[in-house]
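The analysis underlying the following values was restricted to heavy atoms, covering all of them including side chains, and did not include hydrogens, waters or symmetry mates. In what follows, chains are A, B, ... by sequence order, proteins preceding strands, each numbered from 1.
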Amino acid sequence: MIHASGAAAKLQAAGGVRSLTFDAAQPLQLSNGENLAPLTLAFETYGALNVDRSNAVLVCHGLIGDQFVAGPNPVTGRPAWWPRIVGPGRPIDTNRFFVICSNVLGGSMGSTGPASPAADGQPFGLRFPQISIADIVRAQSMLVEALGIQNLFLVIGPEFGGMQALHWASAYPRRVFACGVVASAARQSAQNLAFAELARQAIMADADWRNGGYYAHGVRPARGAAIARAALSIASDAASEVRHRFETASAKERFSFAQSNEEARAGASHVERLDANSFLYLSRAMDGFDLAADFGGRLSNAFQDSQTRHGLFAFTSDWRYPPQETRSIARALIAAGAETASVEIPSAKGHEAYLADEPAFEAALTGFIDAAASARGLALQGGQ
Amino acid sequence: MSVAQLELVHPAPLPLQHQVSEPRPEHAVIARFINIGARVLDVGCGDGALMQLLERERDARVRGVELDPAKAQYCVTRRLSVVQADADHDLEHFPSGSVDYVVFSHTLLSLRDPQQALKTAARVGDRVIVAFKNAGHWRTRLRFAREGRLANWRPEAMCSVRDFAELARSLRLSIERAVPVSGQHAGAPFAKTLWRPNWFAEQAVFLLTP
């Protein structure tokens with residue numbers, strides 16, 4: 001059931017931004033065998049669904065992200081996280097496409113997660129069941145079905161969201177016309193596992209974490225969460241930038257170089273978007289992602305006979321999800337015979353280049369989306 | 001929040017320039033070799049000019065592989081399905097018989113192992129099309145005889161029409177058609193008699209079947 005605007009037919013009304021909530025009628029079957037009910041997903045939509053319902057785009061957000069892909073977050077006041085990519089006249093053009101972005105299962109921006117009340121009325125905390133990327137995608141698929149959309153024109157996301165997009169294309173090949181994977185991987189690298197573990201340890205070492213039960217005590221493990229954020233933020237910079245920061249800060253700072261005070265505050269506000277327990281659950285789900293392992297160790301089997309068009313985008317200075325990861329996905333897609341476009345964008349901005357002003361990335365993404373749109377029979381901008 | 005408000009939040013739309021490069025004479029020959037609606041793999045597709053020609057003229061489903069990041073990105077921007085990859089390593093990942101034609105337009109000889117690449121291409125495609133610069137052309141021979149050097153030498157294999165016919169024979173690929181191209185014009189197809197194209201063709205386009 002969709003709240004706030006009712007039936008899917010209303011989504012065909014022209015344009016606009018909506019903040020909606022989806023309450024699943026059925027329990028969600030999790031990969032670990034448990035059932036999760038009730039299930040709520042908070043989501044945003046932009047633009048209008050066409051009559052054929054063939055212009056729907058699902059954007060999957062990153063680990064520290066939310067559903068506010070193209071408009072500001074009303075809770076934290078933070079601006080849209082991907083305004084360069086999603087919006088009017090942007091590569092994912094909200095004048096052409098009906099864009100859905102949901103807060104993931106396990107998130108903390110209105111979707112069911114560790115901060116949600118369990119059956120006893122108290123927040124789940126660590127009683128929340130273990131979740132995987134497959135569960136996150138299954139929850140999204142329930143939402144998409146409830147919106148009356150049989151086929152998504154495009155599923156796309158960066159890093160964590162790219163993993164969801166890959167899983168979508170592999171698990172529901174007939175429901176995904178095109179799949180966009182940005183600065184992501186088919187499997188979490190050992191280095192990312194290590195960073196994520198350090199980030200989780202930082203949260204759990206915070207005295208305010210209270211073994212996951214901080215909700216009842218009216219505190220938040222803000223310090224641990226800020227360190228977690230810093231760990232990921234350092235890794236998201238280009239290697240040259242990390243060195244530069246070290247060299248410029250080492251004159252003033254004795255030990256720490258990563259954060260100026262200003263950045264520490266920014267980091268803190270960043271983390272506030274994400275509940276610390278959500279971070280634990282979601283980063284754990286991300287670490288467990290290994291698409292090839294689900295298919296006998298051969299990634300190409302995940303895409304066998306796939307009719308989905310794939311677009312892969314990597315950035316040269318990204319050392320969290322380096323271009324080699326994208327290359328191995330491209331190789332698997334080639335071996336599966338799937339239609340693929342894959343590019344490595346030269347950038348000095350590290351992992352977060354996907355958020356930055358990278359005209360080459362925007363141009364290539366636009367080309368990929370326009371090619372898919374014309375293959376799908378959707379009108380291109382300018383009536384071409 | 002209305003769409004008009006959103007427009008204030010988002011940066012201005014990106015200007016996209018679609019340049020159309022001049023069709024090259026060997027591209028027209030290649031296009032004539034290809035059946036309507038065929039699946040084509042263009043190895044070393046460069047700026048994608050041939051891919052666009054084949055999509056437009058032959059309604060072909062074309063995919064490309066390109067090593068140069070800037071060119072691959074240019075192709076994807078032009079809505080082409082191009083993977084930035086190294087044909088020396090990645091060609092072997094393509095499944096057998098997955099396309100109708102594998103095309104090397106002035107790219108085969110730049111690969112590390114052209115012979116192996118040709119063998120792989122014959123497995124991946126039902127047919128293989130190769131366009132290359134004929135090193136046996138009289139001007140090349142004359143210059144080499146007079147000056148003892150190759151003009152515009154690049155570190156890639158040199159191949160004459162005769163060499164290529166011999167290479168195809170050694171890989172048990174039969175030559176279905178062969179067309180000489182000189183200047184902007186394609187010549188009459190040749191078959192058994194190789195001396196004439198070997199002296200006078202600036203480039204040659206071969207259609208091979210396993």
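We find the CD-CZ distance between A:Glu339 and B:Arg39 to be 11.5 Å, quoted to the nearest 0.5 Å. Interatomic distance, A:Phe313 CZ to B:Gln73 CD, rounded to the nearest 0.5 Å: 10.0 Å. In this structure, the separation between CD on A:Glu362 and OG1 on B:Thr77 is 11.0 Å, given to the nearest 0.5 Å.
Ranking A:Ala360, A:Ala375, A:Pro323 against chain B, the residue ahead of the rest is A:Ala360, based on heavy-atom pairs under 4.5 Å.
Residues of residues 343-351 of chain A lying under 4.5 angstrom from chain B, judged on non-hydrogen atoms, are A:Val343, A:Glu344, A:Ile345, A:Pro346 by number. Contact residues of residues 92-118 of chain B toward chain A are B:His93, B:Phe94, B:Pro95 (heavy-atom distance under 4.5 Å).
In summary, of the residues considered (B:Val83, B:Val124, B:Leu91), a side chain to side chain contact (heavy atoms under 4.5 Å, CB included) with A:Ile334 occurs for B:Val83 alone.
With sequence neighbours left out, the side chain to side chain donor-acceptor pair (under 3.5 Å) criterion links A:Ser328 to no other residue. With sequence neighbours excluded, the residues satisfying side chain to side chain contact (heavy atoms under 4.5 Å, CB included) with A:Gln67 are A:Ala42, A:Glu44, A:Cys101, A:Asn103, A:Met109.
Proximity to chain B (any heavy atom under 4.5 Å) is shown, for A:Ala314, by neither the backbone nor the side chain.
Listed here is the closest heavy atom pair of B:Arg63 and A:Gly337: NH1-O, 3.1 Å. Closest approach of A:Ala341 to B:Ser81, counting heavy atoms only: CB-CA, 4.4 Å.
The neighbour count for A:Arg331 CZ, taken as heavy atoms of other residues, nucleotides or ligands under 6.0 Å away, is above 12. More than 12 heavy atoms of other residues, nucleotides or ligands sit less than 6.0 Å from atom CZ of B:Arg123.
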